[in-house]
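I have placed the structure first, in the form of structure tokens, so that the comments after it can refer back to it.
Being a predicted model, the structure only gives us computed values, none of them experimental. Naming: A, B, ... by sequence-line order, numbering from 1 per chain.
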Amino acid sequence: MDAPLHEWNLAPKEAIALQALLAKRLETVDRIEPVQHIAGVDIGFEAGGEITRAAVVVLKWQPEAMQPLALVEQVVHRKPTRIPYIPGLLSFREIPAALEAFAKLTITPQLVMVDGQGIAHPRRLGVAAHLGLWLNLPTIGIAKSRLTGLHGKVGNTRGDWVPLTSGNDVIGAVLRSRANVKPVFVSPGHRLTLETSLDWVVRCLGRTKLPEPTRLADRLASRRDQK
DNA sequence: GCGACAG
DNA sequence: ATCTTGTCGC
């Protein structure tokens, strides 16, 4: 990569231009190694937003076991927040802390699930897509609400989904991950198709709304007694 | 000009 | 995201 990826304090105008450039580097086909470990990422804020907190969990994928996902590593990393939240520019605020958290891991996952959008973004570079480029790993965005795109009604059966579109493009899916609960917005980030992304999200679902990787990362982040 | 707007 | 208790429902 030779574009100024190291810039996390760009003015909004420059950040927006960089997103458009980086989006062209995303790989939209499956390029994923045999999955042995899956990471889940969740970023939150403390002290009125002054501190950014990144929580990363690594789960072992063992499809033949009764419990196919087992927690094997977890990291919580904090660092001062540099820029405010601006819709569409979330990755510039969250990724610095996420990268430092990943640097602390002893295991390198083959797949990463992120709390936020993948390509379901105005310039096709949500936080999951942006992070995928940095890590050079397949990523999937799982967001709890919509940022952009249009969609029809989703069935109420677990696994039902409808496409999330932008003009003639399908940029993601609205997935009913659990009956009677608001659906989640799934979109590929880097090195995966939407179909493969949905497969993995569904495979990682327990009886909860969020797939295990991001659910456990969320839970880890909210625990008040981590070191 | 008027809304919408991931976390 | 975060500030925050109890409470309704499967």
Side-chain angles (χ1 to χ4, degrees), chain A residues 8 12-13 15-16 18-20 22-23 26 40-57 76-101 112-134 139-151 156-158 164-167 171-190 194 197 201 206-211 213-224 226:
Chain A
W8 296 111
K13 186 175 180 178
I16 287 171
L18 178 57
Q19 289 182 320
L22 294 179
L26 291 173
V41 184
D42 177 70
I43 286 81
F45 299 88
E46 303 174 352
E50 297 295 304
I51 300 297
T52 301
R53 170 193 3 82
V56 180
V57 296
V76 174
H77 179 75
R78 293 177 172 77
K79 78 172 316 209
T81 304
R82 293 188 180 184
I83 68 173
Y85 168 66
I86 300 172
L89 299 181
L90 181 65
S91 63
F92 292 89
R93 175 169 162 90
E94 298 192 339
I95 288 184
L99 291 176
E100 291 180 12
V112 181
M113 305 202 346
V114 185
D115 189 344
Q117 312 291 349
I119 63 170
H121 175 280
R123 290 165 296 282
R124 307 294 176 264
L125 196 82
V127 60
H130 200 163
L131 184 60
L133 286 175
W134 265 93
T139 53
I140 301 171
I142 298 99
K144 296 181 290 296
S145 63
R146 184 195 71 94
L147 170 61
T148 191
L150 303 173
H151 64 86
N156 191 30
T157 300
R158 199 180 95 129
L164 179 65
T165 64
S166 176
I171 58 178
V174 183
L175 171 71
R176 186 73 69 180
S177 52
R178 175 175 179 171
N180 305 313
V181 171
K182 283 183 37 171
V184 293
F185 295 74
V186 176
S187 60
H190 190 37
L194 173 59
S197 299
V201 170
R207 299 185 300 282
T208 52
K209 166 177 175 169
L210 295 177
T214 52
R215 185 183 74 81
L216 293 178
D218 263 316
R219 192 162 73 53
L220 171 62
S222 63
R223 290 196 49 171
R224 193 199 161 293
Q226 346 103 340

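Here the nucleotide nearest the side chain of Arg146(A), chosen from dA6(B), dT2(C), dC5(B), is dC5(B).
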Derivation and outcome, side chain to side chain contact (heavy atoms under 4.5 Å, CB included), residues Leu131(A) and Leu99(A): CA-CA 8 Å; Leu131(A) 184 60; Leu99(A) 291 176; 3.8 Å; yes
Steps toward side chain to side chain contact (heavy atoms under 4.5 Å, CB included) verdict (Gln19(A), Ser91(A)): CA-CA 10 Å; Gln19(A) 289 182 320; Ser91(A) 63; 4.3 Å; yes
Side chain to side chain contact (heavy atoms under 4.5 Å, CB included) between Leu220(A) and Asp42(A), worked out: CA-CA 9 Å; Leu220(A) 171 62; Asp42(A) 177 70; over 6 Å; no
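At the phosphate of dG7(B), OP1 or OP2 sits under 4.0 Å from a side-chain N or O atom of Ser145(A). For dA6(B), neither phosphate oxygen OP1 nor OP2 lies less than 4.0 angstrom from any side-chain nitrogen or oxygen of Lys144(A). Proximity of Arg178(A) to the phosphate of dC10(C): no side-chain N or O atom is located under 4.0 Å from OP1 or OP2.
The interatomic distance linking Arg123(A) (CZ) with dA6(B) (P) rounds to 13 Å, in whole Å. Distance Glu94(A) CD to dG7(B) P: 9 Å, rounded to the nearest Å. Per the geometry, CG belonging to Leu90(A) stands 8 Å off P belonging to dG7(B), to the nearest Å. The interatomic distance linking Asp115(A) (CG) with dA6(B) (P) rounds to 12 Å, in whole Å. At whole-Å resolution of the value, CG in Asp42(A) and C1' in dG7(B) are 9 Å apart. Atom P of nucleotide dC5(B) and atom CD1 of Ile86(A) are separated by 17 Å, given to the nearest angstrom. Nucleotide dC5(B) holds its C1' atom 14 Å from the CD atom of Gln19(A), rounded to whole Å. Taking atom CD of residue Glu46(A) and atom C1' of nucleotide dA1(C), one finds them 11 Å apart after rounding to whole Å.
To the nearest 0.5 angstrom, Leu175(A) atom CG is 11.0 Å from Lys209(A) atom NZ.
Taking for each of Asn180(A) and Ile43(A) the nucleotide of DNA chain C with the nearest heavy atom, the 5'-most of the two is the partner of Ile43(A).
Nearest heavy atom pair, residue Gly172(A) against residue Leu194(A), reads O-CD2, 3.5 Å.
Note on Gln117(A): a base of the nucleic acid sits closer than 4.0 angstrom, heavy atoms only. Among the atoms of the strands shown, only primed sugar atoms or phosphate atoms (P, OP1, OP2) are found under 4.0 Å from some heavy atom of Phe45(A). The residue Gly49(A) sits apart from the nucleic acid: no heavy atom pair falls under 4.0 Å. Using a 4.0 Å heavy-atom distance criterion, Gly126(A) is classed as a base contact. Residue contacts shown for Ile51(A) are absent, as no nucleic acid heavy atom lies under 4.0 Å away.
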